[in-house]
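Right, one structure below, let's go through it.
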Protein chains: 2
Amino acid sequence: MFKCLCGASIILTVRWRLPLFLKRINPQQRNLTTHPLIEHFETYLPFNEEEKKLVEARASLRKIKRRQLILQEGFACKHYAFVVNGCFRMYGVDDKGTEHNLQFAAENEWIADIGSFHSGKPSQLFIEAVEPSVILQIEKKDLYFLYLSIPKLDRIFKVIIENKYVDLQNRVLQNISSTAQQRYLSFLEQYPTLSLRLPNAQIASYLGITPEFLSKIRKDLSER
Amino acid sequence: MFKCLCGASIILTVRWRLPLFLKRINPQQRNLTTHPLIEHFETYLPFNEEEKKLVEARASLRKIKRRQLILQEGFACKHYAFVVNGCFRMYGVDDKGTEHNLQFAAENEWIADIGSFHSGKPSQLFIEAVEPSVILQIEKKDLYFLYLSIPKLDRIFKVIIENKYVDLQNRVLQNISSTAQQRYLSFLEQYPTLSLRLPNAQIASYLGITPEFLSKIRKDLSER
DNA sequence: CCGAAATCTTAAACCATATTAAGGTTATTT
DNA sequence: AAATAACCTTAATATGGTTTAAGATTTCGG
């Protein structure tokens with residue numbers, strides 16, 4: 001039940017009300033009895049009532065339109081964003097103006113430019129909603145406060161980022177050792193639902209190839 | 001002075017004696033008054049005497065020969081290794097038998113297959129000493145004990161891995177957006193000392209190119 | 001429901017990098 | 001110091017992937 005090292009079981013309480021527009025966006029997909037962030041944290045370790053209140057008070061809900069940016073190159077990354085609903089991409093732009101997708105984040109995932117967030121320096125990256133989305137965002141001072149008042153959050157975020165690190169490392173290994181076709185096939189395998197939600201051009205950008213070449217790969221694959 | 005959020009200053013005590021062979025390997029490079037791991041941790045947060053003893057009791061020093069493996073594909077990764085002296089590479093092997101370097105780790109860096117370490121599952125990776133080296137290694141049960149008895153270690157390792165994550169993310173961005181020449185130049189810039197210690201073939205493998213092509217890149221660069 | 005915008009596909013020419021094979025140089029071991 | 005192993009370079013050929021340009025299809029906003 002828990003993603004890390006704790007056997008105790010949890011009793012969920014009905015306390016938090018999801019705004020209407022959230023239900024409209026995706027009415028059936030989510031259990032509406034708990035605050036999404038608490039639900040997320042409790043997949044790692046249990047939280048008591050006081051801790052839950054601390055978290056809820058410092059996370060603010062925000063609705064994001066398709067194509068809206070929540071981080072722009074040149075600005076510091078001010079928030080950690082937890083995706084309640086929808087999907088985002090984080091990308092960099094090279095000198096020719098071409099975008100390169102570094103990461104996608106859908107429901108129950110975090111997205112932020114971690115380096116810029118902690119250093120306060122201008123980011124080199126963009127984060128854009130690829131679907132109409134809802135996030136819970138936490139400001140730096142609030143997250144730091146939460147780390148101090150709920151020490152197990154250090155543990156939880158350590159585990160979260162360890163898992164992201166492992167994924168990223170596998171991606172690097174793939175990038176330096178496989179052909180584009182192999183990378184595309186493992187993307188489909190690793191992110192089957194994402195691959196249906198995203199335009200192919202976005203997937204191509206993530207794989208480090210042109211949309212044209214992905215098109216060719218898809219043709220080759222379908223002809224077998 | 002500290003790498004994270006704490007202003008207090010530290011008083012170093014002379015308590016730990018480095019074995020002779022370590023001084024032989026690299027006599028002048030390191031301050032010999034403190035245990036290397038404590039020194040490392042205290043660049044993040046200060047440790048009291050009791051905490052230092054806990055850490056020292058659970059880290060074991062190990063001397064590794066050049067080309068010796070400290071992790072092999074098919075075995076679980078049993079230790080977190082902190083490099084006191086020397087240099088390691090972590091690599092995967094593809095179906096053709098070609099090795100692909102994922103990461104190097106020199107003095108004061110950690111190296112482990114984090115996924116395999118936590119899951120206990122067989123690793124797909126190798127970790128090999130590229131120089132005669134000395135490490136301090138911590139077993140899983142000891143590290144988990146330390147996490148429980150010294151909670152700030154959660155914080156410290158969270159920050160360590162956040163930094164590694166940011167580096168890795170930059171590498172992914174480079175891989176999907178730059179030519180091999182650009183990647184080689186930024187490798188030289190980012191790791192100037194490593195680039196002198198490593199054989200070019202190892203650097204090529206890290207960059208995801210063949211040694212022959214790196215050779216051509218170096219020729220092109222020298223002809224300008 | 002329409003028009004505009006975004007997305008997907010095809011194909012030819014071109015470029016970056018791999019492969020193969022060979023010879024030359026530098027370290028390590030004995 | 002010699003022998004061996006590891007490492008580096010060169011060059012010809014082959015391949016994976018890009019570029020460009022154009023047309024076809026789908027999606028979205030009004």
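This one's a predicted model, so the numbers in the text were calculated from it and none came from an experiment. Lettering of chains follows the sequences in order, A, B, ..., and the numbering in each one begins at 1.
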Q.
Under 4.0 Å from OP1 or OP2 of D:dT9: is there any side-chain N or O of B:Arg218 that close?
A. yes

Q: Could you tell me which residues satisfy salt bridge (charged side-chain N to carboxylate O under 4.0 Å, His left out) with A:Glu139, sequence neighbours excluded, listed by chain and number?
A: A:Lys141

Q. What's the spacing between A:Arg183 CZ and A:Ser178 OG if we round to 0.5 Å?
A. 7.0 Å

Q. Taking the nucleotide of DNA chain C with the closest heavy atom to each, which residue, B:Gln181 or A:Gln202, is nearer the 5' end?
A. A:Gln202

Q: Report the distance from atom CG of B:Asn200 to atom P of D:dA6, rounded to the nearest whole Å.
A: 17 Å

Q.
Salt bridge or not between A:Glu107 and A:Arg197? Use side-chain N to carboxylate O under 4.0 Å.
A. yes

Q.
So A:Lys65, base contact, sugar-phosphate only, or nothing? Heavy-atom distance under 4.0 Å.
A. nothing

Q | Aromatic B:Tyr206 / basic B:Arg171 pairing, under 6.0 angstrom, 45° off normal | A | yes

Q | For atom CD of A:Glu131 and atom C1' of D:dT27, their distance in whole Å | A | 14 Å

Q.
Tell me the interatomic distance from A:Arg197, atom CZ, to D:dT27, atom P, rounded to whole angstroms.
A. 16 Å

**Q.** Residue met sooner reading DNA chain D from 5', once B:Arg66 and A:Glu212 are mapped to nucleotides
**A.** B:Arg66

**Q.** Whole-Å distance separating the CZ atom of B:Phe213 from the P atom of D:dT15
**A.** 18 Å

Q.
Check A:Glu131 with A:Arg66, please: is the shortest side-chain N to carboxylate O separation under 4.0 Å?
A. no

Q: Round to a whole Å and report the spacing from NZ of B:Lys216 to P of D:dA12.
A: 12 Å

Q. Do the charged groups of B:Glu99 and B:Arg89 touch, with an N to O distance under 4.0 Å?
A. yes

Q. First and last nucleotide of DNA chain C touching chain A, 5' to 3', heavy-atom cut-off 4.0 Å?
A. C:dA6 to C:dA11

Q: Using atom types as modelled and distance alone, determine if a side-chain donor or acceptor of A:Lys140 lies under 3.5 Å from a backbone N or O of A:His79.
A: no

Q) Rounded to the Å, how far apart are B:Lys219 NZ and D:dC8 P? A) 17 Å

Q. What's the CG-P distance between A:Asp220 and D:dG17, to the nearest Å?
A. 11 Å

